[in-house]
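Here's the structure, in structure tokens; my notes come after.
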Amino acid sequence: MLAIKDLCVDFPVMTGIVHAVADVDISIGSGKRVGFVGESGSGKTTTALAVMRMIKKPGEVSKGQILLGETDILALSSEEMRQTRLRRISYIPQGAMNSLNPVMRIEQQIWDGIVDHEGAVSRSELKRRSDEAIEGVGLPARVARMFPHELSGGMKQRACIAIATALKPELIIADEPTSALDVITQRQVMETLENAQEAIGSALILIGHDMGLMAQCVDELMVMKDGRIVERGAIRDIFKYPEHPYTRQLIASVPSIGGESFLPNVSATTANGQKQGDAPLLEFDGVSKVYGGGFFSKKGNTALYPVSFALDGSRPMIISIVGQSGSGKSTMGSLMLGFNRATTGVVRFEGRDMAIMKRHEVKGLRRHIQAVFQDPYGAFNPYYRVERALSLPLRRFGIAQGAAEIRERCAEACLGVGLDPARIIGRFPHELSGGQRQRLMVARALMLSPKLLVADEPVSMVDASLRASILKNLYDLKDKHGISIVYITHDLATAYHVSDFVIVLHEGHVAEAGAPKEVIGDPQHPYTRLLINSIPWPDVDRQWGTSASAREETARLMKDARDHPPVDRSAVPGFVLARAS
Amino acid sequence: MTLATMASENRQARSLDYVKGYLARNPSLAIGIVLVGSLVLFSFVGSFFVDARMARPLSAAPSQPPSPELLFGTDTQGRNLFAVLVYGTWLTVQLGLIAGAIGILVGGSLGFMSAYFGGWTDRIINFSTDVLLTVPALLVLVIIASAFREGMTPTMMALIIAALAWRRPARQIRAQVLVMRNAGYVDTARISGAGPFEIIFFELVPNLMPYLVASFVTAVSAAVLASIGLEAMGLGPQNAPTLGMSIYYMMNFSAFLLKMWWWIIPPIAALIILFVGLYLINTGLDELANPRLRRRA
């Protein structure tokens, strides 16, 4: 149905021409689901945009043919192409939640497409069709009357699917439709997309980098690297007999629960912790956080209900805090960093209350509590060269003086995480890949060797193939340098492998806590079970979740989870979680 | 060492090429700079040929039309109008620069503090700005200016206008910083031990530079406009030949009835060139500050 022959897309740059897509041949039958996997920059999105004829200038299709049925896409006039988009090929862009118009109701955005392609349609007919489209993606019809800001991320993503499927196109292209969503929402959105696609009978191109998701969703897979397809075939065959080393690497990079550690050569010996004195390194005493609310306004929004724990720190540990977005896990992280003040309770670092410290004490403390943030793209100031992120703390904390010593320290830190200093130092942030930047942030933490490191989703925005090596870097911080780490994530599989203790947060409450082998390996709380069931396994034969309908399963387990008491699993020496009253 | 100097020369040449290339792609910025630049150059070069005293009354025969000796003629009080244009243009631009700079400095600091610290600081600063924004500026300026009528100088004039020039920059810069405050690199700087003022000046300001320059240009043209308004009402410096004062005199001494076109056209033409030039610079900088408007990457 869709046939791409010898497609080449070129981008002229300062140093010559970059072949973003080179000699790509694809044919997709109707009703088929095809996955494109590869890292950022591998040409998967560019191929999709070429099919939509939406490649940004100065890039252009330099060679090849794209046939949709009998139509030669590249030969259409721009008006014909406009009519083809959405009606015959629809595209769900990356970060679709930001592609909705904030000042228009959802239904108006659906009508736009209908009116543009079919001319004047009566209002009652438009309403009927938009309601049908919204209900088709499993949202209540009243959502059609809402504005985008009133919807959650998953609902916005489904609204985008409704727009894309309203005209029943022959081909749907979904570009990383779930990359910003947590696992539970991801499963529901993917189910919605598959149902909508099956109802229309159209073909689906799913672009992504998660092999687990691909295993669960697509029939055929194209593995792309540097603009070329390096391997293609039925999904089952690729998982069973991957041929290209890159495919093998991609499959191996997906952590699974149970089995061998996916981190390469983890050492058995552990360095001693760096804390001083007898008090625990970090202590939460009945800490809660309420956002908003005040003297005049109504009750605020409770992000975190009172929680108490003590991390001893004489033996370095990795504590994982897992949960969906909005579960309060990032709030916990910012309380530890002192970015936020607790509404009730006391946060103590080495026995001292962080809220009543004097300014110079806070500065002394900063050195010992460091962080790796989620977004490696935002963490560097675009105005400066990257080494400023490393040299600034050296100067501010008085660790090193003089340009030469600082340079030496930075180079050392780069080597420590496996980066070549000659290729990193002196570059601007935009010249480095996301993975390189995130490693540099880990290098920064290593260089300062703090007592506590808060890693807030350190790998969620990094290509799958690099995740293992960045997590290994973090693991080394604990093992070789005795740094205790709080690992905040929604990815239970990595938490299972790296952590010594897991806390599962659900709507600001602790749902389940204990050693990872018990909590994630054998979950007792319905919410933990839901999280684990929602992980897409990189195993074609294994069903996604325990029931056929994600929506039904989620609703059932969520209902159970709400009233279920917290489950306290075995204690782990060095970490004490007090029962919240 | 030679290699290093060569490299730096090479870099300079390349950055000059880059600036040239950029200006070619951004014609409104280039034309704006040429217009304002030629106006300033005219007044700078002109000051070598005419004396400042020639811009005073009774320096020449009154009401003379243009002639080879008196290029732009004289007004009814015997001012050499060429000298008035030379010195008036510079005085007016200077006044705009002073008032604009003070406005951007004060307004920018207030905007940065308000957005970065938030809470009560933000509420107080924002409240005062909002209240002052609703008051018509000219009303306040007229009251202040009429209190200082005697012995007013262009610099005093600039200070009076600056007293209200900070409001809009404060508001605009606050909005920009509110967005940038949540950037990841601000958090990186915080855990690197940087204090709030270091974060404002070394992390946020460099990224806002094109925007700050653009608001400076807006502030300059707003200040020039305010000064012309006051001067046309006769509230300007009596002893300085600014462009606004020329407009006041020509209205007061009925240049239109006397059909003295050589008195009317030059100051108005200078003002039009100044405003159009500043406007073009501002549009050009807007494209630089706001990459979404950038047509070619």
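Below, chains carry the letters A, B, ... as their sequence lines are ordered, and counting in each starts from 1.
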For [X], which atoms come within 4.5 Å of any heavy atom of chain B: side chain, backbone, both, or neither?
X	value
N381(A)	both
R444(A)	side chain
F373(A)	side chain

- Message: Using a 4.5 angstrom heavy-atom cutoff, name the option from Y377(A), F380(A), F339(A), F397(A) with the most pairs to chain B.
- Response: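 Highest number of pairs under 4.5 Å: F339(A).
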- Name the member of R388(A), K56(A), Q374(A), M441(A) that forms the most heavy-atom pairs with chain B at distances under 4.5 Å.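 Max contact count across the listed options: R388(A).
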Is it the case that atom [atom1] in [X] sees more than 12 heavy atoms from other parts of the structure closer than 6.0 Å?
X	atom1	value
F117(B)	CZ	yes
E405(A)	CD	yes
Y383(A)	OH	no

What is the distance from atom [atom1] of [X] to atom [atom2] of [Y], rounded to the nearest 0.5 Å?
X	Y	atom1	atom2	value
S192(B)	Q370(A)	OG	CD	6.5 Å
L392(A)	I191(B)	CG	CD1	10.5 Å
Y185(B)	Y384(A)	OH	OH	10.0 Å

- Could you tell me which non-hydrogen atom of A379(A) sits nearest to which non-hydrogen atom of T188(B), and how far apart they are?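 Of all heavy-atom pairs spanning A379(A) and T188(B), the closest is O-OG1, 2.8 Å.
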